[in-house]
Undergrad: 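For reference, the structure I am asking about is given below.
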2 protein chains.
Amino acid sequence: MADVAQLAGVSSQTVSRVSNGFPGVTEETRQQVMAAMRELGYRPNSAARALKRGEFRTLGVITFSLSTHGNIRTLEAIATSAARHGYAVTLLPVAVPTQDEVNGAFSRLGELAVDAVIVIMEIHLLDAATVSLPPGVQVVVADSDAGDRYTVVDTDQAGGARDAVRHLLDLGHDTVWHLAGPEGSFAAQRRANAWRDALTGAGVTPPPLVRGDWSAESGYRAGLRLADHHDCTAVFAANDQMALGLLRALHERGRRVPDDVSVIGFDDLPESASFLPPLTTIHQDFAEVGRLCVESIITKIRQGGTAHGTTLVPTRLVRRASTGAPAGAREGG
Amino acid sequence: MADVAQLAGVSSQTVSRVSNGFPGVTEETRQQVMAAMRELGYRPNSAARALKRGEFRTLGVITFSLSTHGNIRTLEAIATSAARHGYAVTLLPVAVPTQDEVNGAFSRLGELAVDAVIVIMEIHLLDAATVSLPPGVQVVVADSDAGDRYTVVDTDQAGGARDAVRHLLDLGHDTVWHLAGPEGSFAAQRRANAWRDALTGAGVTPPPLVRGDWSAESGYRAGLRLADHHDCTAVFAANDQMALGLLRALHERGRRVPDDVSVIGFDDLPESASFLPPLTTIHQDFAEVGRLCVESIITKIRQGGTAHGTTLVPTRLVRRASTGAPAGAREGG
DNA sequence: CCAGCGGATGTTTACGTAAACATTACGAGC
DNA sequence: GCTCGTAATGTTTACGTAAACATCCGCTGG
């Protein structure tokens, strides 16, 4: 900066003013400084800036691997949204979702140049962490439920699951089976609860719950079992990947979709429209979740608020070929 | 730091020594300092550290969206590998792959606290950028070909494509059609070139090339056209998503896979094993690509080398149910 | 018994920037 | 013509850390 100032024949403070776009600098001086900056290839030192300003203009994102479609979409939205606000995004990967790894990420976070953290993770891992988040670091949690302790932005899991069940009941199915996600997952739990509530609310006794682990493979295994229940005409899978495995199992066992069995998923992956048959599913607006995370955390940084609350992002039913009226209804109707 | 020093009854320099794990501090003193740090909730200011040290211990990753499976896997490997080396990873998203956006990312990069950059992007966007990368920032390019100008880590696209074609020829197919990626993509171009070379090398005249845009939807559209060519018994799709669309189109047109048509993909998505039928494909080791990017860039940072070169990561053929011998060969054999 | 040595710790300084304050220059108003 | 106000620019300082150098202390060996 001093070099630039010397070359332009001004003081370093004037260079700083130009560099930050402050007013009170003659157009002529500004041009001279800019020319000097270009000539010397000057780039402001962000470390010194951060030191002086007391903030890094950087957001940390803690997420357990980038393995799921939803997390990635959310992360992407966070990154672009943060860039628009002049913030950078630093990744804090957690290789495996164990307590040790989470603790490690938290302690690394302590040394990291971030003003705030967005956590995309099952909240129980956060709760059980023995290493606490550094004080003065704002937190927003995506995709979880802890509105009383943290600021949360989440998809309306319950609403989406309810819509899925209702869609199938409206088509004339007597009941809806549920292929749930793993027990440890709150998202899975909430979708399962909403499924159960929607059924009992409609006066239907829920059939036994079938569990997978989000993977297509687990959906396939569950599908092989479900194919044997010939009274099962409608299945709500807790995500699209399990639905994919389910479709394959049903096909192998000669159960036609949607003629014999209707299948609905949850997520709306880009590929879901190309499944065999194209999958009816609940669309999640991950981009909106990411955007809201950034908005809300920047508000928190500016205002230093400590209020918590939950923002719900609505889902949308996407109707495709994998759901239809049950054979009985068609024959009878 | 001064507070910690005062509480522990030592100088700030001793605190610094403890904080950085330097030798020359009595165990007793060390414990006292640690206790004081805990009590005051001290966390080192990374801005001041970076300012003093002259390096940020941070890697920037420029990538055009997080839309493709490969980029995401690579990014994930970069993040974990960087963490292992004590480096943080900052994301530089490019919303749309236009020159303007890339230029914007580059100029933002100038103000960013990074020591080096890993570019996961088509190289021609880098070449055509009007804003040059800041001097002193090391660069490694993933998934592209510019070994003469940059350090490159890439999957062995040509080798994988060759293996795909040979696999189908070995099964007895007369020729292999190719569903290529978009024209602008070097990866697509290299796979297409290798496909053509493998065929001509085997004395077979390549059929006309069919083009998609990587999406399942484009694979579906291409598949509808291919289904009409009844002499087409084997298709090599340039990625698994297009292969998925292709499978659906063939199914709709009554062409059985693999009985009538064999299909092989490229990527090995987690879902590909659950396609109908499970997809034979070329597995890419994205994790290895990411790991090598980090290794090589850290070497460059340490040594300040300017040498360029390309590191190729091998692929692996994963045989599943979507490929088999052509009907003619089975009848004849 | 004291010089000399080495390990433990303290003091000074500089990293690059921007806020706060100081200075200069110039024109308007009396 | 002199003062005052304002816009433009310069000077000083502090942000938190760690390298470089300085100091202190106890012990060893002649």
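We name chains A, B, ... by the order of the sequence lines, and we start the count at 1 in each one.
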Undergrad: About how many Å separate CD of B/Q6 and OG of B/S12, when rounded to the nearest 0.5 Å?
TA: 11.5 Å
Undergrad: Looking only at heavy atoms, which two atoms of B/F56 and B/V114 are closest? And how far apart?
TA: CD1-N, 3.6 Å
Undergrad: Has the side chain of B/N45 got a donor or acceptor atom that lies under 3.5 Å from a matching backbone atom of B/A47?
TA: yes
Undergrad: Five pairs at each end of the helix from C/dC1-D/dG30 to C/dC30-D/dG1: take the axis at both ends and give me the angle between them to 10°.
TA: 50°
Undergrad: Chain B on DNA chain D: first and last contacting nucleotide, 5' to 3', under 4.0 Å to a heavy atom?
TA: D/dG16 to D/dA20
Undergrad: Taking only N/O atoms, report every protein-nucleotides 6-10 of chain C pair under 3.5 Å with atom names and distance.
TA:
{"unit_1": "C/dA8", "atom_1": "O3'", "unit_2": "B/T26", "atom_2": "OG1", "d": "3.0"}
{"unit_1": "C/dT9", "atom_1": "OP1", "unit_2": "B/T26", "atom_2": "OG1", "d": "3.1"}
{"unit_1": "C/dT9", "atom_1": "OP1", "unit_2": "B/T29", "atom_2": "OG1", "d": "2.6"}
{"unit_1": "C/dT9", "atom_1": "OP2", "unit_2": "B/T26", "atom_2": "N", "d": "2.9"}
{"unit_1": "C/dT9", "atom_1": "OP2", "unit_2": "B/T26", "atom_2": "OG1", "d": "3.1"}
{"unit_1": "C/dG10", "atom_1": "OP2", "unit_2": "B/S11", "atom_2": "N", "d": "2.7"}
{"unit_1": "C/dG10", "atom_1": "OP2", "unit_2": "B/S11", "atom_2": "OG", "d": "3.1"}
{"unit_1": "C/dG10", "atom_1": "OP2", "unit_2": "B/T14", "atom_2": "OG1", "d": "2.8"}
{"unit_1": "C/dG10", "atom_1": "N7", "unit_2": "B/R17", "atom_2": "NH2", "d": "2.9"}

Undergrad: B/T68 side chain to B/N71 main-chain N or O, any donor-acceptor pair under 3.5 Å?
TA: yes
Undergrad: Would you say the side-chain atoms of B/T155 pair up with the backbone N or O of B/Q157, donor to acceptor, closer than 3.5 Å?
TA: no
Undergrad: Is a side-chain donor or acceptor of B/T299 paired with a backbone partner of B/E295 at a separation under 3.5 angstrom?
TA: yes
Undergrad: Between A/T74 and A/G70, is there a donor-acceptor pair closer than 3.5 Å when you use the side chain of the first and the backbone of the second?
TA: yes
Undergrad: Going by the side-chain hydrogen bond (donor to acceptor under 3.5 Å, both in side chains) test, which pairs reach into residues 21-32 of chain A, not counting sequence neighbours?
TA: A/E27-A/R30, A/E27-A/Q31
Undergrad: Tell me the ring-ring contact (aromatic ring centres under 6.0 Å, His included) pairs involving residues 65-100 of chain B, sequence neighbours left out?
TA: B/H69-B/F286
Undergrad: Whether the side chain of B/T80 engages the backbone of B/E76 through a donor-acceptor N/O pair (distance < 3.5 Å, no angle test) should be reported.
TA: yes
Undergrad: Tell me which residues in residues 32-48 of chain B put a heavy atom below 4.0 Å from DNA chain D, sorted by number, or none.
TA: B/Y42, B/P44, B/N45, B/A48
Undergrad: Is A/R302 salt-bridged to A/D115, cutoff N-O under 4.0 Å?
TA: no
Undergrad: Quick check: does any side chain N or O of A/S185 sit under 3.5 Å from a backbone N or O of A/A188, one acting as donor and the other as acceptor?
TA: yes
